[in-house]
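Because the structure is predicted, anything quoted here is derived from the model rather than measured.
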Amino acid sequence: MSDENQSPKTPGSLTVRQRITAMTLAAFAGIAVSFVIWQVVDPETGPGTSGVVTGQSGVALVGGPFSLTSHEGTPVTDKDFAGQYMLIYFGYTWCPDVCPLALQFMDEALTQLGARADAIQPLFITIDPERDTSDVIKSYVANFHPRLVGLTGTPAEIAEVAEAYKMYYRKTEPLDATNPLSYGIDHMNVFFLMGPDGTYIAHFMSPTSPKDVAAAIASHLP
Ligand code: NI
C-alpha cells in the first residue's frame, strides 16, 4: 500500500475503520486490484450522517447472472427474482460475529421498512460452499428474516458469483490444527441492493445499525 491510501482525503473518503478493512484486504495477494476497483465503483462514498457508506456508480461492474441452490435444495437463478429488488449479503454460517450481526441488521431494517420491504428479496449467499450445505443454511437463515433465502452452490458456482459482485474473501488458517474444516473466512462486510431488472443500484459497507441499513435502502426505493 502506498501512503496515498492512508492520507486524509475529502470528507467523502472512507472512515478509518473502512480504510483499515480495505488495506487489510489489499494486503492479500491479488486483492490490491479489488481496492482499485472499489475506488472506481465507489468514488463518492463517505460516512455522511448515517454512518453507512453507499455507492451508486460502477453499474456495469457489479453483479450478473447466477445459478445456485436454495436452502430448500432447489435450483435458483437470478431470474427467479426478476421484478423484485435483491438485497444480497455474502457470508458464511460459521462466522462468529460479522455475518450474524449483519443479517440481524438486515432483518430489522426490512421490518422497519414495513410494506416497502415487500418489494425486496433478501438473499444470503454463502462464500463457504464446503461447509454450508443447503441443510446447514436452512437452519441458519431460520434465525433471521422470515423471507430470507439462503443460497449455496458448488465451489465453482460460488467463486463465480462472488467474483461477479467483487466480493473478496479469504480463508484463514484452521483454528484447530487437527481439523482442516475449522477455518474462518475473512470477508468484506457489504450489502448489495440490486434493482428489479437485476442491475446494481448501490452497496452499503459496514453498517452500524438496522436504522442505517433501512435508511440507505429507502433512499433507493421509488
Ligand atoms: Ni462473516
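- The side chain to side chain donor-acceptor pair (under 3.5 Å) search around T172 returns none, not counting sequence neighbours.
- Screening residues 94-124 for ring pair (Phe, Tyr, Trp, His ring centres under 6.0 Å) gives F124-Y140 as the qualifying pairs, with residues at least two apart or on separate chains.
- Within the structure, the salt bridge (charged side-chain N to carboxylate O under 4.0 Å, His left out) test picks out no pair touching residues 89-117 (sequence neighbours left out).
- Partners of K171 under the salt bridge (Lys or Arg N to Asp or Glu O under 4.0 Å) rule, at least two apart in sequence or in another chain, are E130.
- With sequence neighbours left out, K211 forms a salt bridge (Lys or Arg N to Asp or Glu O under 4.0 Å) with no residue at all.
- In this structure D128 satisfies the salt bridge (Lys or Arg N to Asp or Glu O under 4.0 Å) test together with R131, sequence neighbours excluded.
- Residues forming a side-chain contact (heavy atoms from CB on, under 4.5 Å) with V161 (at least two apart in sequence, or on another chain): F66, L68, F90, I125, Y165.
- Partners of F81 by ring pair (Phe, Tyr, Trp, His ring centres under 6.0 Å), not counting sequence neighbours: none found.
- Every residue two or more places apart in sequence or in another chain was checked for a side-chain contact (heavy atoms from CB on, under 4.5 Å) with S219, and none qualifies.
- Partners of F191 by ring pair (Phe, Tyr, Trp, His ring centres under 6.0 Å), not counting sequence neighbours, listed by chain and number: Y89.
- Residues forming a side-chain contact (heavy atoms from CB on, under 4.5 Å) with S139 (at least two apart in sequence, or on another chain): none.
- For P65, the side-chain contact (heavy atoms from CB on, under 4.5 Å) partners two or more places apart in sequence, or in a different chain, are D78.
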